[in-house]
Amino acid sequence: QVQLVESGGGLVQAGGSLRLSCAASGGTFRFYAMGWFRQAPGKEREAVAAIQRTGNIFYYSDSTKGRFTISRDNAKNTLYLQMNSLKPEDTAVYYCALATSDFGLGNWDNYNYWGQGTQVTVSS
């Protein structure tokens with residue numbers, strides 16, 4: 001059974017940085033595509049970024065492009081999201097997700113496993 005555990009969230013001032021981690025267990029990490037999603041209070045969940053098994057990267061949120069960087073370390077079975085120049089509108093619960101296919105990674109429904117989420121709060 002695959003399990004995903006996010007960490008690294010917290011409270012940060014606007015302009016600051018955080019790095020989220022997602023530790024995967026129960027499967028062969030390099031065989032899976034991975035993604036980050038977020039959901040702010042009162043808003044719909046949105047895709048932030050995804051990385052295919054091949055390492056190809058996609059950024060889905062125009063508001064985070066250029067500020068957020070997705071990466072993976074297959075040796076550590078870990079997915080990362082480096083978030084720089086954080087803004088109050090980045091406040092949300094951030095989720096990592098795992099997919100057995102490289103396609104449609106901007107869609108939450110195309111993933112097979114999800115983490116419990118980690119809260120990111122950016123103060124102004």
Side-chain angles (χ1 to χ4, degrees):
Q1 181 73 7
V2 172
Q3 289 189 324
L4 303 174
V5 179
E6 300 100 333
S7 61
L11 175 64
V12 64
Q13 288 188 332
S17 298
L18 285 174
R19 187 176 79 157
L20 304 183
S21 299
C22 173
S25 62
T28 305
F29 185 71
R30 67 181 187 277
F31 289 169
Y32 305 121
M34 302 293 297
W36 286 103
F37 291 79
R38 68 182 184 180
Q39 187 164 20
K43 295 187 177 181
E44 292 187 355
R45 183 172 51 233
E46 67 169 339
V48 176
I51 184 166
Q52 293 179 328
R53 291 170 290 181
T54 56
N56 292 330
I57 288 173
F58 302 90
Y59 293 101
Y60 299 102
S61 172
D62 288 339
S63 67
T64 62
K65 285 179 182 176
R67 298 189 296 120
F68 288 13
T69 303
I70 189 173
S71 62
R72 64 190 298 164
D73 186 334
N74 290 339
K76 295 183 178 180
N77 291 350
T78 302
L79 175 74
Y80 301 100
L81 185 68
Q82 178 67 45
M83 306 187 296
N84 298 328
S85 302
L86 283 162
K87 304 176 181 180
E89 51 264 43
D90 294 319
T91 295
V93 177
Y94 285 72
Y95 300 91
C96 70
L98 178 151
T100 57
S101 170
D102 277 340
F103 300 100
L105 295 179
N107 188 333
W108 174 270
D109 292 334
N110 288 335
Y111 289 81
N112 304 91
Y113 298 94
W114 303 267
Q116 81 288 351
T118 186
Q119 176 71 47
V120 171
T121 303
V122 184
S123 63
S124 57

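These numbers come from the heavy atoms of this one structure, side chains and all, not from hydrogens, waters or symmetry mates.
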Mark yes or no for whether [X], through its side chain, and [Y], through its backbone, hold a donor-acceptor pair below 3.5 Å.
{"X": "E6", "Y": "C96", "answer": "yes"}
{"X": "R30", "Y": "N74", "answer": "no"}
{"X": "Q116", "Y": "V5", "answer": "no"}
{"X": "R72", "Y": "Q52", "answer": "yes"}
{"X": "D102", "Y": "R53", "answer": "yes"}
{"X": "Q82", "Y": "R19", "answer": "no"}
{"X": "T91", "Y": "V122", "answer": "yes"}

Self-check item: F37/Y111 aromatic ring centres below 6.0 Å
Solution: yes
What pair of heavy atoms forms the shortest contact from [X] to [Y], and how long is it?
{"X": "W114", "Y": "A97", "value": "CD1-CB, 3.5 Å"}
{"X": "N84", "Y": "S17", "value": "OD1-OG, 3.0 Å"}
{"X": "T78", "Y": "S21", "value": "CG2-CB, 4.2 Å"}
{"X": "S85", "Y": "R67", "value": "O-NH1, 2.9 Å"}
{"X": "P88", "Y": "S124", "value": "CG-CB, 3.8 Å"}
{"X": "A24", "Y": "L4", "value": "CB-CD2, 3.6 Å"}

Practice problem: Flag yes if more than 12 heavy atoms outside Q119 fall under 6.0 Å of its CD atom; otherwise flag no. | Solution: yes
Self-check item: K65, NZ atom: more than 12 neighbouring heavy atoms under 6.0 Å
Solution: yes
Do [X] and [Y] share a hydrophobic cluster, counting only Ile, Leu, Val, Met, Phe, Trp and Tyr and linking them when any side-chain heavy atoms are less than 4.5 Å apart?
{"X": "Y59", "Y": "L18", "result": "yes"}
{"X": "V2", "Y": "L79", "result": "yes"}
{"X": "Y94", "Y": "Y80", "result": "no"}
{"X": "V48", "Y": "I57", "result": "yes"}
{"X": "L105", "Y": "I51", "result": "no"}

Practice problem: Could you please spell out the steps behind the side-chain contact (heavy atoms from CB on, under 4.5 Å) verdict for K87 and S63? | Solution: CA-CA 10 Å; K87 304 176 181 180; S63 67; over 6 Å; no
Does the side chain of [X] reach to within under 4.5 Å of the side chain of [Y], using non-hydrogen atoms?
{"X": "D90", "Y": "R38", "result": "yes"}
{"X": "N112", "Y": "Y32", "result": "no"}
{"X": "D73", "Y": "F29", "result": "no"}
{"X": "L81", "Y": "F68", "result": "yes"}

Quiz item: How long is the span from the CD atom in Q1 to the CD atom in Q3, to the nearest 0.5 Å?
Solution: 7.0 Å
Quiz prompt | Aromatic ring pairing Y95/W108, orientation class (parallel under 30°, perpendicular over 60°, tilted between) | solution = perpendicular
